[in-house]
Amino acid sequence: MPELPEVETVRKGLLALVQDKTIATVDVYWPKIITNDTAKFQKALQGKVIETIDRRGKYLLFRFSDNLTMVSHLRMEGKYHLDTAVTPIDKHTHVVFNFTDGTQLRYADVRKFGRMTLGLTGFEQSLSGIAALGPEPLSKAFTIAGFTQALKKHHKNIKAVLLDQHTVAGLGNIYCDEVLWLCKIHPLQPADTLTAKEIKALHAAIQIELKTAIAAGGTTIRSYVDASGQQGHFQLQLHVYGREGQPCERCGTIIEKFKVAGRGTHICPKEQQLR
DNA sequence: AGCCCGTCCTGAGGGC
DNA sequence: TGCCCTCAGGACGGGC
(Lines give C-alpha, C1' and ligand atoms only; values in the text may rest on other atoms or scores of the structure.)
Protein backbone atom coordinates (compact mmCIF):
# COMPACT_ATOMS: atom_id res chain seq x y z
CA MET A 1 0.00 0.00 0.00
CA PRO A 2 1.72 3.13 -1.17
CA GLU A 3 2.15 5.78 1.52
CA LEU A 4 4.29 8.91 1.21
CA PRO A 5 7.69 7.15 0.89
CA GLU A 6 6.39 4.78 -1.77
CA VAL A 7 4.66 7.54 -3.74
CA GLU A 8 7.82 9.64 -3.57
CA THR A 9 9.89 6.68 -4.81
CA VAL A 10 7.43 6.13 -7.66
CA ARG A 11 7.52 9.84 -8.51
CA LYS A 12 11.30 9.95 -8.83
CA GLY A 13 11.50 6.74 -10.85
CA LEU A 14 8.64 7.69 -13.09
CA LEU A 15 10.06 11.12 -13.82
CA ALA A 16 13.29 9.56 -15.06
CA LEU A 17 11.28 7.30 -17.38
CA VAL A 18 8.71 9.64 -18.90
CA GLN A 19 9.86 13.26 -18.58
CA ASP A 20 9.58 15.16 -21.88
CA LYS A 21 7.60 12.39 -23.58
CA THR A 22 4.63 13.40 -25.71
CA ILE A 23 1.28 11.67 -25.46
CA ALA A 24 -0.24 10.50 -28.72
CA THR A 25 -3.37 8.79 -27.42
CA VAL A 26 -4.79 7.40 -24.17
CA ASP A 27 -6.58 4.04 -23.84
CA VAL A 28 -8.98 3.55 -20.94
CA TYR A 29 -10.14 0.03 -20.03
CA TRP A 30 -11.84 0.80 -16.69
CA PRO A 31 -13.46 4.23 -16.92
CA LYS A 32 -14.17 4.53 -13.20
CA ILE A 33 -10.44 5.13 -12.63
CA ILE A 34 -10.91 8.46 -14.45
CA THR A 35 -13.13 10.84 -12.51
CA ASN A 36 -13.48 13.17 -15.50
CA ASP A 37 -15.57 12.36 -18.55
CA THR A 38 -13.39 9.69 -20.19
CA ALA A 39 -13.63 11.01 -23.76
CA LYS A 40 -12.73 14.54 -22.65
CA PHE A 41 -9.83 13.19 -20.59
CA GLN A 42 -8.47 11.30 -23.58
CA LYS A 43 -8.88 14.20 -25.96
CA ALA A 44 -7.37 16.79 -23.60
CA LEU A 45 -4.16 14.78 -23.23
CA GLN A 46 -3.48 14.31 -26.94
CA GLY A 47 -0.20 15.98 -27.94
CA LYS A 48 0.63 17.01 -24.38
CA VAL A 49 4.18 16.75 -23.02
CA ILE A 50 4.96 15.49 -19.50
CA GLU A 51 7.00 18.38 -18.14
CA THR A 52 7.47 17.15 -14.58
CA ILE A 53 5.82 15.13 -11.81
CA ASP A 54 5.20 16.58 -8.36
CA ARG A 55 3.80 15.00 -5.21
CA ARG A 56 1.46 16.22 -2.49
CA GLY A 57 0.86 13.76 0.34
CA LYS A 58 0.12 10.47 -1.37
CA TYR A 59 -1.01 12.19 -4.59
CA LEU A 60 1.07 12.27 -7.76
CA LEU A 61 0.71 15.45 -9.81
CA PHE A 62 1.62 15.02 -13.47
CA ARG A 63 2.39 18.43 -14.98
CA PHE A 64 1.66 18.60 -18.70
CA SER A 65 2.26 21.27 -21.29
CA ASP A 66 -0.54 23.79 -21.83
CA ASN A 67 -1.09 24.17 -18.10
CA LEU A 68 -2.67 20.79 -17.50
CA THR A 69 -2.26 18.74 -14.32
CA MET A 70 -3.33 15.16 -13.76
CA VAL A 71 -3.86 14.20 -10.14
CA SER A 72 -3.27 10.50 -9.59
CA HIS A 73 -3.82 8.51 -6.41
CA LEU A 74 -2.59 4.90 -6.29
CA ARG A 75 -4.73 3.97 -3.26
CA MET A 76 -4.04 0.34 -2.40
CA GLU A 77 -2.39 -1.25 -5.39
CA GLY A 78 -2.02 1.24 -8.24
CA LYS A 79 1.20 0.93 -10.23
CA TYR A 80 2.77 2.69 -13.19
CA HIS A 81 5.33 1.17 -15.50
CA LEU A 82 6.82 1.88 -18.90
CA ASP A 83 6.23 -0.69 -21.61
CA THR A 84 6.12 -1.06 -25.35
CA ALA A 85 3.06 -1.50 -27.52
CA VAL A 86 4.01 -5.09 -28.45
CA THR A 87 3.52 -6.37 -24.87
CA PRO A 88 -0.06 -7.67 -24.45
CA ILE A 89 -2.23 -5.69 -22.03
CA ASP A 90 -2.81 -7.73 -18.87
CA LYS A 91 -6.17 -7.85 -17.12
CA HIS A 92 -5.16 -5.44 -14.37
CA THR A 93 -4.03 -2.67 -16.72
CA HIS A 94 -6.76 -0.03 -16.85
CA VAL A 95 -5.19 3.06 -18.44
CA VAL A 96 -2.49 3.26 -21.13
CA PHE A 97 -0.78 6.48 -22.18
CA ASN A 98 0.66 5.95 -25.66
CA PHE A 99 3.69 8.14 -26.36
CA THR A 100 4.74 9.38 -29.78
CA ASP A 101 8.02 7.41 -29.48
CA GLY A 102 6.18 4.06 -29.38
CA THR A 103 6.53 3.48 -25.64
CA GLN A 104 3.60 3.40 -23.23
CA LEU A 105 3.00 4.42 -19.65
CA ARG A 106 0.66 1.77 -18.22
CA TYR A 107 -1.43 2.05 -15.09
CA ALA A 108 -2.32 -1.28 -13.46
CA ASP A 109 -4.43 -1.67 -10.33
CA VAL A 110 -5.68 -5.04 -9.07
CA ARG A 111 -8.26 -3.51 -6.74
CA LYS A 112 -9.30 -0.70 -9.12
CA PHE A 113 -9.29 1.72 -6.18
CA GLY A 114 -6.92 4.25 -7.77
CA ARG A 115 -8.22 7.49 -9.30
CA MET A 116 -7.02 10.03 -11.88
CA THR A 117 -8.38 13.52 -12.41
CA LEU A 118 -7.34 16.02 -15.07
CA GLY A 119 -7.72 19.78 -14.84
CA LEU A 120 -6.04 23.13 -15.37
CA THR A 121 -2.94 23.44 -13.16
CA GLY A 122 -4.01 24.84 -9.82
CA PHE A 123 -7.37 23.07 -9.86
CA GLU A 124 -5.90 20.47 -7.54
CA GLN A 125 -5.86 23.03 -4.73
CA SER A 126 -9.64 22.89 -4.60
CA LEU A 127 -9.96 19.18 -5.28
CA SER A 128 -11.61 17.43 -2.36
CA GLY A 129 -8.86 15.40 -0.76
CA ILE A 130 -6.03 17.77 -1.60
CA ALA A 131 -7.80 20.94 -0.44
CA ALA A 132 -8.11 19.69 3.15
CA LEU A 133 -4.71 18.00 3.25
CA GLY A 134 -2.47 18.71 6.23
CA PRO A 135 1.11 19.99 5.82
CA GLU A 136 3.81 18.02 4.04
CA PRO A 137 5.62 16.25 6.90
CA LEU A 138 9.06 16.82 5.35
CA SER A 139 8.54 20.54 4.74
CA LYS A 140 8.93 23.56 6.99
CA ALA A 141 5.15 23.83 7.02
CA PHE A 142 5.05 20.90 9.45
CA THR A 143 5.80 22.63 12.75
CA ILE A 144 5.48 21.42 16.32
CA ALA A 145 3.23 24.39 17.11
CA GLY A 146 0.89 23.68 14.21
CA PHE A 147 0.90 19.96 14.92
CA THR A 148 0.05 20.61 18.58
CA GLN A 149 -2.79 22.93 17.66
CA ALA A 150 -4.24 20.42 15.19
CA LEU A 151 -4.06 17.55 17.68
CA LYS A 152 -5.89 19.61 20.30
CA LYS A 153 -8.89 19.86 17.96
CA HIS A 154 -9.50 16.12 18.01
CA HIS A 155 -10.69 13.88 20.77
CA LYS A 156 -10.75 10.80 18.58
CA ASN A 157 -7.84 8.39 18.85
CA ILE A 158 -4.39 9.43 17.63
CA LYS A 159 -4.17 6.69 15.01
CA ALA A 160 -7.40 7.79 13.32
CA VAL A 161 -6.15 11.39 13.36
CA LEU A 162 -2.82 10.46 11.77
CA LEU A 163 -4.60 8.35 9.14
CA ASP A 164 -7.12 10.94 8.01
CA GLN A 165 -4.57 13.20 6.21
CA HIS A 166 -5.97 16.48 7.60
CA THR A 167 -3.47 16.91 10.43
CA VAL A 168 -0.41 15.74 8.51
CA ALA A 169 -0.27 14.38 4.96
CA GLY A 170 1.16 11.10 3.76
CA LEU A 171 0.97 8.61 6.64
CA GLY A 172 -0.87 5.35 6.05
CA ASN A 173 -1.46 2.28 8.14
CA ILE A 174 2.10 0.95 8.20
CA TYR A 175 3.93 4.15 9.12
CA CYS A 176 1.27 5.10 11.69
CA ASP A 177 1.88 1.88 13.61
CA GLU A 178 5.63 2.34 13.34
CA VAL A 179 5.79 5.94 14.60
CA LEU A 180 3.41 5.20 17.48
CA TRP A 181 5.60 2.27 18.54
CA LEU A 182 8.72 4.44 18.25
CA CYS A 183 7.12 7.01 20.57
CA LYS A 184 5.50 4.43 22.89
CA ILE A 185 2.04 5.91 22.35
CA HIS A 186 -1.09 3.74 22.36
CA PRO A 187 -3.02 4.11 19.07
CA LEU A 188 -6.30 4.60 20.96
CA GLN A 189 -4.96 7.50 23.02
CA PRO A 190 -7.22 10.51 22.31
CA ALA A 191 -5.26 13.03 20.20
CA ASP A 192 -6.03 15.95 22.52
CA THR A 193 -4.56 14.12 25.51
CA LEU A 194 -1.01 13.76 24.16
CA THR A 195 1.60 15.54 26.28
CA ALA A 196 3.91 18.20 24.84
CA LYS A 197 6.75 15.71 25.16
CA GLU A 198 4.83 13.06 23.22
CA ILE A 199 3.87 15.51 20.50
CA LYS A 200 7.47 16.60 20.08
CA ALA A 201 8.63 12.98 19.90
CA LEU A 202 5.89 12.10 17.40
CA HIS A 203 6.71 15.12 15.24
CA ALA A 204 10.36 14.05 15.09
CA ALA A 205 9.60 10.35 14.60
CA ILE A 206 7.29 11.05 11.65
CA GLN A 207 10.01 12.97 9.82
CA ILE A 208 12.83 10.53 10.58
CA GLU A 209 10.68 7.52 9.70
CA LEU A 210 9.53 8.93 6.36
CA LYS A 211 13.02 10.12 5.38
CA THR A 212 14.54 6.75 6.23
CA ALA A 213 11.80 4.92 4.33
CA ILE A 214 12.32 7.09 1.24
CA ALA A 215 16.05 6.37 1.40
CA ALA A 216 15.21 2.65 1.45
CA GLY A 217 12.94 2.95 -1.59
CA GLY A 218 9.76 2.44 0.44
CA THR A 219 8.18 -0.64 2.02
CA THR A 220 7.08 -3.72 0.09
CA ILE A 221 4.58 -5.76 2.10
CA ARG A 222 2.15 -7.23 -0.40
CA SER A 223 2.82 -6.01 -3.85
CA TYR A 224 4.36 -2.54 -3.93
CA VAL A 225 7.01 -1.96 -6.60
CA ASP A 226 8.37 1.30 -8.00
CA ALA A 227 8.07 2.51 -11.60
CA SER A 228 10.89 0.16 -12.64
CA GLY A 229 9.35 -2.88 -10.93
CA GLN A 230 11.77 -2.78 -8.00
CA GLN A 231 10.65 -3.65 -4.47
CA GLY A 232 11.39 -1.38 -1.52
CA HIS A 233 13.63 -2.38 1.37
CA PHE A 234 12.11 -0.61 4.34
CA GLN A 235 10.09 -3.69 5.36
CA LEU A 236 13.39 -4.89 6.87
CA GLN A 237 13.27 -1.94 9.27
CA LEU A 238 9.66 -2.35 10.44
CA HIS A 239 9.33 -2.88 14.19
CA VAL A 240 5.65 -3.73 14.71
CA TYR A 241 3.68 -3.77 11.46
CA GLY A 242 3.03 -7.38 10.47
CA ARG A 243 4.99 -8.67 13.48
CA GLU A 244 2.07 -9.84 15.65
CA GLY A 245 3.07 -12.84 17.74
CA GLN A 246 6.74 -11.89 17.63
CA PRO A 247 8.69 -10.33 20.52
CA CYS A 248 9.02 -6.55 20.77
CA GLU A 249 12.56 -5.60 19.75
CA ARG A 250 12.92 -3.36 22.80
CA CYS A 251 11.38 -5.37 25.63
CA GLY A 252 10.54 -8.85 24.35
CA THR A 253 6.80 -8.59 25.00
CA ILE A 254 4.73 -10.31 22.30
CA ILE A 255 3.40 -7.84 19.70
CA GLU A 256 -0.42 -7.76 19.57
CA LYS A 257 -2.75 -6.97 16.67
CA PHE A 258 -6.27 -5.53 16.89
CA LYS A 259 -8.48 -3.14 14.94
CA VAL A 260 -8.39 0.64 15.24
CA ALA A 261 -10.38 2.86 12.87
CA GLY A 262 -11.10 -0.26 10.84
CA ARG A 263 -7.39 -0.96 10.27
CA GLY A 264 -5.16 -3.75 11.45
CA THR A 265 -3.10 -2.20 14.25
CA HIS A 266 0.07 -3.51 15.88
CA ILE A 267 1.44 -2.56 19.30
CA CYS A 268 3.75 -3.60 22.06
CA PRO A 269 1.14 -3.97 24.86
CA LYS A 270 3.71 -3.33 27.57
CA GLU A 271 5.25 -0.14 26.24
CA GLN A 272 2.22 1.39 24.52
CA GLN A 273 -0.35 1.76 27.25
CA LEU A 274 -3.59 3.71 27.16
CA ARG A 275 -3.79 6.43 29.78
C1' DA B 1 -17.56 20.78 13.03
C1' DG B 2 -16.45 16.29 14.31
C1' DC B 3 -17.04 11.59 13.83
C1' DC B 4 -18.56 7.11 12.16
C1' DC B 5 -19.92 4.00 8.69
C1' DG B 6 -20.77 2.13 4.11
C1' DT B 7 -18.78 1.79 -0.42
C1' DC B 8 -15.62 0.65 -3.93
C1' DC B 9 -12.69 -3.93 -5.58
C1' DT B 10 -10.21 -8.51 -6.09
C1' DG B 11 -7.09 -12.03 -4.54
C1' DA B 12 -5.30 -14.66 -0.81
C1' DG B 13 -6.05 -17.76 2.68
C1' DG B 14 -8.72 -20.52 6.00
C1' DG B 15 -12.30 -23.95 6.92
C1' DC B 16 -14.70 -27.98 5.73
C1' DT C 1 -10.28 -30.55 -5.19
C1' DG C 2 -13.31 -26.94 -4.74
C1' DC C 3 -16.37 -23.76 -2.90
C1' DC C 4 -17.66 -20.26 0.30
C1' DC C 5 -16.53 -16.91 3.59
C1' DT C 6 -13.60 -13.41 5.53
C1' DC C 7 -10.08 -10.15 5.38
C1' DA C 8 -6.96 -6.47 3.47
C1' DG C 9 -7.70 -1.02 3.34
C1' DG C 10 -7.46 4.94 1.43
C1' DA C 11 -10.50 8.25 0.62
C1' DC C 12 -14.97 10.07 0.19
C1' DG C 13 -19.90 10.94 0.68
C1' DG C 14 -23.74 10.77 3.59
C1' DG C 15 -25.91 10.94 7.91
C1' DC C 16 -26.08 11.95 12.79
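In what follows, every chain begins at residue 1, and chains take the letters A, B, ... in the order their sequences are listed. Since the structure is predicted, the reported quantities are computational estimates derived from the model, not experimental observations.
- Recorded end-axis angle for the helix from dG2(B)-dC16(C) to dC16(B)-dG2(C) stands at 50°, based on five pairs per end and rounded to 10 degrees.
- Between R263(A) and dA8(C), a side-chain N or O to OP1/OP2 separation shorter than 4.0 Å is absent.
- Under the rule for a side chain to side chain donor-acceptor pair (under 3.5 Å), the partners of T69(A) that lie at least two apart in sequence or sit in another chain are R63(A), T121(A).
- Relative orientation of the F147(A) and F142(A) rings is perpendicular, given thresholds of 30° and 60° on the angle between their planes.
- Of the side-chain N and O atoms in K91(A), none sit less than 4.0 angstrom from OP1 or OP2 of dT10(B).
- The residue from R250(A), E249(A), H266(A) that alone fulfils the side-chain hydrogen bond (donor to acceptor under 3.5 Å, both in side chains) condition with H239(A) is E249(A).
- When the P atom of dG9(C) is taken as reference, atom CG of D109(A) falls 16 Å away, rounded to whole Å.
- OP1 or OP2 of dA8(C) sits under 4.0 Å from a side-chain N or O of K257(A).
- Contact between the side-chain N/O atoms of H155(A) and the OP1/OP2 oxygens of dG2(B) is not found at any separation under 4.0 Å.
- Side-chain N/O atoms of H92(A) include one lying less than 4.0 angstrom from OP1 or OP2 on dG11(B).
- For the pair F113(A) CZ and dA8(C) P, the computed distance is 13 Å after rounding to whole Å.
- For the pair K156(A) and dC4(B), the criterion of a side-chain N or O lying under 4.0 Å from OP1 or OP2 is not met.
- Atom-to-atom, CD1 of I33(A) to C1' of dC8(B) comes out at 11 Å; the value is rounded to the nearest Å.
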